[in-house]
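Some notes on the structure that comes next.
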Amino acid sequence: FKGAQLSGSMLSGLVVCVALAGATGEVRDWMNRADPPGVRAKALLAKMTFDEKVQMLHGPISPMPCCECHNASGIINKACAYTGNIAPNTRLGIPPVNMNDGPQGFRESIFPGTTTAWPSGLTVASSWDVEVMGLWGDGMGKEFFAKGANVQLGPGVCLARVPRNGRNFEYLSGEDPFLGYTLVQPVIKGIQAHNVVANAKHYVLNNQETDRHTISALVDERTRFEMYYPPFEGAAKAGVASVMCSYNKINGVWACENPTTLSDLKDRLGFNGYVMSDWGATHSTSIHAGLDVEMPGADFMGPDGINATLQAKGATLADIDDSVTRILTAMFQVGVIDTFDADPMAYDFSKHSKNVTTEAAAELARKLSAESTVLLKNQDSILPVARGKRVAIIGLADESNALTHAGGSGQVIPSFIATPLSSFRKAYTEGEVSYCNGTDLEFCAVQAAAADVAIVFAGTLSGEGSDRLSLSLDDGIAVNNQNELITKVAQAQPNTVVVLSVPGAILCPWEPLVKGIVTNFMPGQQAGNAITDVLLGAVNPSAKLPITFPNMENETQFAPDQWPGVPDAPLPSPKTDPRQLCEDVATPQNFVQGFGEETALAAAPPPTPPVCKFSNYTEHLLVGYRYYDHHNISFSTGFPFGHGLSYTTFSYANLETSQTEVTFTLKNTGTRAGAEVAQLYLGFPAAAGEPPRQLKGFTKVLLAAGESKTVSIPLSPREVSIWDVESHGWKVASGQFTAWVGSSSRDLRLSGTFTV
């Protein structure tokens with residue numbers, strides 16, 4: 001072709017021909033990009049040997065250390081360079097499967113500070129904004145790909161059943177299944193747009209960290225389908241290519257070998273991808289039950305385990321083919337294999353060393369955090385802070401104590417941290433700013449009294465592996481006098497604002513004493529700049545609480561058997577109840593950062609006798625605000641689900657309802673532009689046995705001052721259905737429904753009825 005000029009169609013045809021022919025001239029019909037992913041996967045499967053298929057089902061074979069392995073000099077072992085690893089197949093052009101934590105950014109422990117610490121899942125869920133969620137997924141997907149990963153171990157989508165769950169900060173569903181179903185979809189699409197497989201986790205009923213390796217969640221079918229499955233169903237609808245099964249048991253059977261819940265996922269929720277285990281959550285060669293990949297090693301799904309299970313007729317070759325087909329389909333669907341074919345270095349472990357965070361990413365992190373900041377109280381319009389005032393910044397606001405992210409596999413070491421103190425001082429050039437770090441309460445009160453406005457930065461942390469000790473600000477970090485600090489400051493300065501950086505629900509016993517309360521949950525590395533944008537009015541807040549902030553500890557009256565769970569009474573031997581089979585409880589593995597002779601494996605702790613514990617979901621559908629509405633609990637110092645204020649005001653009018661649509665007029669009645677998240681709640685006919693009100697629609701509407709719009713929220717048959725345990729399917733409820741529209745679950749401005 002020397003001297004010739006190729007047209008676009010000629011070049012495209014040439015690329016396809018080269019791909020189909022391969023480097024050695026063999027026919028690679030699976031590389032025909034015109035074929036659907038499933039067809040291509042089956043064509044590739046047909047070329048694989050038995051051993052090549054089994055290689056796709058597990059991580060590195062022990063005793064090789066399992067994840068992010070490197071020696072003292074930082075030299076990476078490419079066989080296990082990422083959090084999870086499946087070896088490549090060079091003969092057939094299948095790249096390595098490089099899985100990496102976590103749900104709110106690329107957790108880089110080998111080269112820390114080279115990725116963006118994004119706001120957490122619960123934080124961005126507070127935006128109630130599908131555009132924000134898509135941008136979050138897109139930003140993370142870019143960095144995972146740039147680091148050589150092709151699987152992001154996120155997002156987390158579990159429901160916040162337990163307010164003290166240590167991982168609530170990771171989960172984007174808050175306490176509502178419809179919210180999770182809706183918000184997860186743009187996240188999945190954003191991540192997978194960058195040739196990175198998203199991973200929805202943790203499936204399923206992984207709603208506490210206490211005893212997470214042994215607890216059994218006892219849950220009925222209707223509760224599973226109506227409350228805990230929908231976020232995963234939403235992920236499946238968006239085309240999520242993988243799901244992670246959890247540590248816990250469900251009704252006595254491990255989540256990663258539970259044929260009921262795994263068949264629900266694959267057969268009823270529309271999930272076409274593959275299921276991987278959480279790290280160390282595989283307890284048997286459970287491929288026939290629905291597990292496709294064991295992580296991080298090969299104790300059960302390696303060659304020995306697979307061969308033994310085949311010989312014992314516990315699985316079939318068809319089971320293996322199904323699992324491998326699912327994995328390959330995911331890789332074709334997201335473009336992993338095609339990307340690798342075009343660029344063999346696309347998923348090379350050497351990319352670990354790259355600094356992939358950018359100025360654009362940092363600006364996006366700032367925007368997302370600001371858009372997700374919830375204004376809980378704004379008495380006398382104390383916010384935004386007026387110019388030319390004396391402002392006392394107090395508490396967790398400087399480089400030594402500012403809170404940006406929580407702990408565990410979701411933790412990301414930031415490339416930098418914008419602290420509230422430095423950001424506010426930089427932006428507030430027309431007034432005076434003083435600072436007291438909160439260690440001397442009396443001095444802080446004096447500082448506050450001398451100012452015009454006091455802003456107290458308070459918060460706490462949580463992490464993977466344990467639940468929170470309480471919902472108090474005084475548990476979770478070393479600073480244990482924050483409630484007293486806020487009280488003293490507020491008594492000295494009536495114009496006090498509190499900013500809460502928290503991993504979930506929090507108690508606010510001092511609420512009557514302060515004029516302003518804001519929460520940014522776990523805001524990420526741009527915490528200071530984002531909160532300053534809100535405090536000074538550069539951003540008009542529009543976020544809403546995705547969870548309830550209670551008035552008191554255990555306000556939903558959990559009994560011990562509901563949480564944290566209780567030991568079950570022993571049964572006579574021989575054991576006939578599968579819930580009693582505790583002997584195979586896995587001990588959490590010792591993950592060693594190193595390989596070869598440089599690092600020796602840590603000695604395993606002595607085994608402890610396993611204890612069967614159960615958490616009974618006897619509250620059924622009454623989770624979060626559903627419980628509050630059912631029991632008519634009012635709010636004194638807490639805040640309801642869906643609550644969030646703006647620097648402007650909105651009115652609702654002209655409600656029209658039907659079984660297919662609810663319409664109304666929304667008007668900005670204030671003096672500045674702002675956005676309102678209008679929320680639709682339905683009350684079902686009494687015979688349906690549903691909670692009093694349930695979120696069934698929402699939309700974020702931006703309005704200029706004085707502007708009004710007609711807003712329409714559609715209703716599908718699913719929104720007016722219940723799960724019928726007799727037919728094992730969704731059934732439209734017949735009778736009269738009530739539709740409420742408003743600004744929160746407790747600020748309902750309009751109501752009407754319709755009949756189905």
Side-chain angles (χ1 to χ4, degrees), residues 119-123 125-126 160-171 174-175 209 369 372-378 394-397 401-407 420 438 455-463 466-487 489-490 496-514 516-523 527 531 534 541 543-556 558 563 624-625 627-628 633 635-645 744:
S120 76
L122 184 66
T123 305
S126 303
R161 171 186 182 250
V162 177
R164 282 164 56 182
N165 181 6
R167 298 184 83 172
N168 279 345
F169 72 93
E170 294 187 26
Y171 297 135
E175 65 188 31
E209 289 298 286
S369 183
S372 304
T373 298
V374 187
L375 177 61
L376 298 174
K377 183 176 182 179
N378 196 23
I394 295 168
L396 308 178
N401 58 20
L403 303 181
T404 59
H405 56 273
I455 305 176
V456 182
F457 287 85
T460 188
L461 297 174
S462 67
S466 63
D467 290 331
R468 294 163 63 187
L469 294 176
S470 76
L471 297 181
S472 171
L473 284 172
D474 294 336
D475 281 325
I477 60 175
V479 182
N480 60 4
N481 60 355
Q482 294 184 84
N483 286 317
E484 184 182 1
L485 171 66
I486 295 170
T487 300
V489 168
T496 293
V497 174
V498 178
V499 177
L500 296 168
S501 298
V502 291
I506 202 73
L507 299 179
C508 307
W510 31 259
E511 184 274 340
L513 302 176
V514 303
I517 306 175
V518 176
T519 182
N520 55 3
F521 288 107
M522 291 285 96
I531 196 63
V534 172
K544 304 286 187 176
L545 285 180
I547 56 175
T548 300
F549 275 21
N551 303 296
M552 57 184 289
E553 201 75 55
N554 194 24
E555 196 161 30
T556 55
F558 269 169
W563 180 85
Y625 71 91
Y627 181 95
Y628 281 75
I633 300 172
F635 288 88
S636 54
T637 59
F639 298 95
F641 174 83
H643 173 71
L645 304 175
S744 82

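Worth knowing before you read on, the calculation uses all heavy atoms, side chains too, and leaves out hydrogens, waters and symmetry mates.
Across Pro420 and Leu396, no two heavy atoms sit closer than the pair CG-O, 4.4 Å. Here the closest non-hydrogen pair linking Ala397 and Ala402 is C-CB, 4.3 Å. Heavy-atom minimum distance, Val514 versus Thr496: CB-O, 3.6 Å. Contact between Ile486 and Ala458 at its shortest, heavy atoms only, is CD1-CB, 4.1 Å. Scanning all heavy atoms of the two residues, the minimum distance from Phe521 to Gly504 falls at CE2-O, 3.9 Å. Of all the heavy atoms in Pro550 and Ala505, the pair that sits closest is CD-CB, 3.9 Å.
Put simply, CD1 on Ile517 and CD on Glu511 are 5.0 Å apart, with the number rounded to the nearest 0.5 Å. A distance of 6.0 Å separates CD1 of Ile506 from OG1 of Thr460, quoted to the nearest 0.5 Å. Separation of atoms NZ (Lys377) and NE2 (His643) is listed at 10.0 Å; rounding is to 0.5 Å. Rounded to the nearest 0.5 angstrom, Trp563 CH2 and Asn554 CG are separated by 8.0 Å. Atoms CG and CG, from Leu469 and Asp474 in turn, are 11.5 Å apart once rounded to the nearest 0.5 Å. Rounding to the nearest 0.5 Å places OH of Tyr628 at 8.0 Å from CD of Glu175.
Contact check for Gln482 versus Ile477: side-chain heavy atoms found under the 4.5 Å cut-off. At least one side-chain heavy atom of Leu473 sits less than 4.5 Å from a side-chain heavy atom of Val502. Using a 4.5 Å cut-off on side-chain heavy atoms (C-beta onward), Leu545 and Leu376 make contact. Considering only heavy atoms from C-beta on, Pro119 stays 4.5 Å or farther from Ser372 through its side chain. Counting only heavy atoms from C-beta outward, the side chains of Leu375 and Val534 never approach each other to under 4.5 Å. Considering only heavy atoms from C-beta on, Ser472 comes within 4.5 Å of Asn483 through its side chain. Side-chain contact between Val518 and Ile531 is present, with at least one heavy-atom pair separated by less than 4.5 Å.
Side chain of Asn168 to backbone of Val162: a donor-acceptor contact under 3.5 angstrom is found. Checking side-chain atoms of Ser462 against main-chain N and O of Gly166 turns up a donor-acceptor pair under 3.5 Å. Under a 3.5 Å cut-off, the side chain of Asn378 and the backbone N or O of Gly516 do not form any donor-acceptor pair.
Legend: residues meeting side chain to side chain donor-acceptor pair (under 3.5 Å) with Ser501, ordered by chain and number and at least two apart, are Asn520. By the side chain to side chain contact (heavy atoms under 4.5 Å, CB included) test, Ala543 is found to be paired with Ser126, Val374, residues two or more places apart in sequence or in another chain being considered. Residues passing the side chain to side chain contact (heavy atoms under 4.5 Å, CB included) test with Thr404 are Ile417, Ala527, sequence neighbours excluded. In this structure Ser636 satisfies the side chain to side chain contact (heavy atoms under 4.5 Å, CB included) test together with Asn551, sequence neighbours excluded. Applying the side chain to side chain contact (heavy atoms under 4.5 Å, CB included) test to Glu553 and every residue at least two apart in sequence or in another chain returns Arg164, Ser470, Leu471, Leu507. Contacts of Phe558 classified as ring pair (Phe, Tyr, Trp, His ring centres under 6.0 Å), with partners at least two apart in sequence or in another chain: none.
Checked against Phe549 for a side-chain contact (heavy atoms from CB on, under 4.5 Å), the options Phe641, Phe635, Phe639 give a single hit: Phe639.
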Side chain to side chain contact (heavy atoms under 4.5 Å, CB included) between Tyr627 and Ile633, worked out: CA-CA 8 Å; Tyr627 181 95; Ile633 300 172; 3.7 Å; yes
